[in-house]
There are 2 protein chains.
Amino acid sequence: MPTIHDIARESGVSARTVSRVLNGSDAVETGTRERVLAVMARLDYRPDPGARSLKTKRRRVVAFVVNAVASDTTMRRVETVARRFGPLGYAVMVAWADGLDAEEREIRELSMRSDALVLFSNRPGPRAAALDRLAEEGFPFLLVDPPGKVAYPAFYIDRSAGYRAAAASLAASGRRRVALLVEDFRADERIAGWKRGLEESGLVPDPALVFRTGKGFEGGRDAAEAIFARASERPDALLCHNDRMAAGLLAALPGYDIRVPRDLALVGFDDEPWAPFLDPPLSSIRQAGPDLGEALFEAVNARLADGAPFESRTFLTEPVPRASAPAPASAEQ
Amino acid sequence: MPTIHDIARESGVSARTVSRVLNGSDAVETGTRERVLAVMARLDYRPDPGARSLKTKRRRVVAFVVNAVASDTTMRRVETVARRFGPLGYAVMVAWADGLDAEEREIRELSMRSDALVLFSNRPGPRAAALDRLAEEGFPFLLVDPPGKVAYPAFYIDRSAGYRAAAASLAASGRRRVALLVEDFRADERIAGWKRGLEESGLVPDPALVFRTGKGFEGGRDAAEAIFARASERPDALLCHNDRMAAGLLAALPGYDIRVPRDLALVGFDDEPWAPFLDPPLSSIRQAGPDLGEALFEAVNARLADGAPFESRTFLTEPVPRASAPAPASAEQ
DNA sequence: TTGAAAGCGATACCAC
DNA sequence: GTGGTATCGCTTTCAA
């Protein structure tokens, strides 16, 4: 690998001048520039990014720390940011962290290797030592979708809003026993939305209609028994923690002679690509408004390029009606 | 951020000694070491990885270039490798590249920033300029799942094997008109497996039973018309390009009064997490044997730690029978 | 066991 | 316009 000095020697100029050419400085005579560029091309020279950033303090790396339950959606957002930063000469680092300790370790590690950090975090507390230190140093970092309010700039996702709208929509469709099936993690915001949506529709949220189960498909499948055991008290609508859980439950329904949506309106969350292809197509709740990945890029780039400080934002969610829980007839589309 | 010299000054030793402590050198008196460590802890010192690698030539980064059609499976493999490398002090970079040009650009870029490159590549040719250069320099890189044979170390996935076994299994179940539904990209290996599996079962592969369609769910849904239009010539089994395509087709079947598996045995590919939760649960084909992500880590780590050269390997695929295409009754489990 | 000093590959201040 | 030289933060050769 040739260095800047090889180029300098070969083209009969100083390293300083090669550096000028490299950085597109105006103060280089055209002839000189051409000559240097020719040599660079001939030797297939590319400056060492590591050596460069030692001096400039800009590493040209954006880093992500994602947590154990990182979904495909998360990775798609990382992809969006990475694709936008690529042409700008930034590389993207990703680290997976399982617990809070691992997360802090990765924060320390990656903050030494990047110019900005994006944390898809499950941190429960409003603050953390590693982040306080970063904030103190003025190192740019942004949390995405923390489970609760945090003391740092963050992009929040308001799941409550989507559940609220979905519950209201079910009530408007004439459903009277609207149940909720959740796992433990991040249940509160879902319950709050469900509750509020029903109350606003003049229904009384019945705590007995909030069911708990395990994660994912299996969680949904396993919950059917508890939900439908007593035929007399069956719900006529069910909001699930996510699409996987709804799909698992759907697969268990034939055993109970329940038809969707006739006997039960079913709604998931996440709007996974396969949701429309279940039988019946699954209603879901999805992130609404501007794309979060796109917004992430904008924010990080503005921070890095113009020093624009991060601003906390909240992204809403909204129902996606499909056959498993059609929108009420009166709904304007 | 304190530097090694701050630590040296504060603890009354030279930078050389701090460096020794940092790198766990034996030749440091215990008392000195303790003193230095104490100062490092007090000042919250962490060595700059960039400066370090300028000298050592080891960047402690493993980089991935993934292509436009990177699936969730791909990212899960990246995750596996990243999780294993994390504790070893390696960071992971990921770049997405849409076409061959973008891919070459990212190869150039990331090879300057990493110690090894893993390429989930769609490159059609057996070789490429950027890779020839890397090979010449002795830079470690490994291709994963290229669509054809390449001139470099690669991990291949033999899809043909899975389709062959699935076709044979369908024949053994008494299906006589086994069709294939593929998109254009990577159709050949699927066709070859289908053909061979049928021939080995004493059936004659009928080219008219190879259907082409677009990608994904929509591709499957849109293909139903062409496949089932003529009631007299309907296939009684269908191997699809992947699970998404199979799900799309499944969703379109009610319009043709076709029941799965009674009238049609249906098989996908990829064994996506939701496949068991379709109605009926979808048979699929999945990567068999050792986990590819795990194997990637082993290979890259062996290369980086011990200089073990990359060896090309082939990973097989195998059917996963479920209700949409049950294994033949005689099959030993 | 410890330290002075050179060097990794770039940038940038200050002369000329 | 161009070049000498110090410098970024670390590792490492060579002496002591």
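These numbers come from a predicted model, not from an experiment. Within every chain, numbering begins at 1; the chains are lettered A, B, ... in the order of the sequence lines, protein sequences first and strands thereafter.
In terms of phosphate contacts, A/Lys55 brings no side-chain nitrogen or oxygen within less than 4.0 Å of OP1 or OP2 of D/dG9. OP1 or OP2 of D/dT11 has at least one side-chain nitrogen or oxygen of B/Arg52 nearer than 4.0 Å. For the OP1/OP2 pair of D/dT2 and a distance below 4.0 Å, the side-chain nitrogens and oxygens of A/Thr32 include at least one atom meeting the criterion. OP1 and OP2 of D/dG4 both lie 4.0 Å or more from every side-chain N or O belonging to A/Ser14. For the pair A/Thr17 and D/dT2, the criterion of a side-chain N or O lying under 4.0 Å from OP1 or OP2 is not met.
The closest side-chain heavy-atom distance from B/Val13 to B/Ile7 is not below 4.5 Å. Within the 4.5 Å cutoff, the side chain of A/Met75 has no heavy atoms near those of the B/Asp72 side chain. Looking at B/Phe64 and B/Leu117, their side chains never come closer than 4.5 Å, going by heavy atoms from C-beta outward.
Out of C/dA12, D/dT11, C/dG9, the shortest distance to the side chain of A/Asp48 is found at C/dG9. Here the side chain of A/Val13 is nearest to one of C/dA10, D/dG3, C/dG3, namely D/dG3. Here D/dC10 is the nucleotide among C/dG9, C/dT11, D/dC10 with the atom lying nearest to any side-chain atom of B/Thr3.
One interatomic measurement links the two molecules: CD1 of B/Ile4 to P of C/dA6, which rounds to 17 Å at whole-angstrom precision. Rounded to whole Å, the distance from CG on A/Leu22 to P on C/dA12 is 11 Å. Nucleotide C/dT2 holds its P atom 9 Å from the CZ atom of B/Arg33, rounded to whole Å. The separation between B/Asp6 atom CG and D/dC8 atom P is 11 Å, rounded to whole Å. Rounding to whole angstrom units, CE of residue A/Met112 and P of D/dG9 are separated by 10 Å. At whole-Å resolution of the value, CD1 in A/Ile7 and C1' in D/dG3 are 18 Å apart. Here D/dC10 presents its C1' atom at 14 Å from CZ of A/Arg59, a figure rounded to the nearest Å. Computed from coordinates, the B/Glu29 CD to C/dT2 C1' distance equals 10 Å when rounded to whole Å.
Under the 3.5 Å distance criterion, with hydrogens and angles disregarded, a donor-acceptor pair is assigned to the side chains of B/Asn67 and B/Asn122.
Between the axis at the start and the axis at the end of the helix from C/dT1-D/dA16 to C/dC16-D/dG1 there is an angle of 40°, using five pairs per end and rounding to 10 degrees.
Ion pairing of A/Arg113 with A/Glu109 is present here, as a side-chain N (NZ or NE/NH1/NH2) and a carboxylate O approach within less than 4.0 Å. In summary, A/Arg105 and A/Asp98 do not engage in a salt bridge, as defined by a charged side-chain N under 4.0 Å from a carboxylate O.
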For a ring-ring contact (aromatic ring centres under 6.0 Å, His included) check, start with the C-alpha distance between B/Phe85 and B/Phe297, then their side-chain angles and the critical distance, and finish with the verdict. CA-CA 8 Å; B/Phe85 265 120; B/Phe297 165 73; 4.9 Å; yes

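Annotation: A/Tyr156 is not in aromatic contact with A/Phe315 [ring centroid separation under 6.0 Å not met].
Base engagement by B/Ser19 is indicated by at least one non-hydrogen atom pair under 4.0 Å involving a base atom.
For C/dA12, the base has a donor-acceptor partner in the side chain of A/Arg16 [N/O atoms by modelled type, under 3.5 angstrom].
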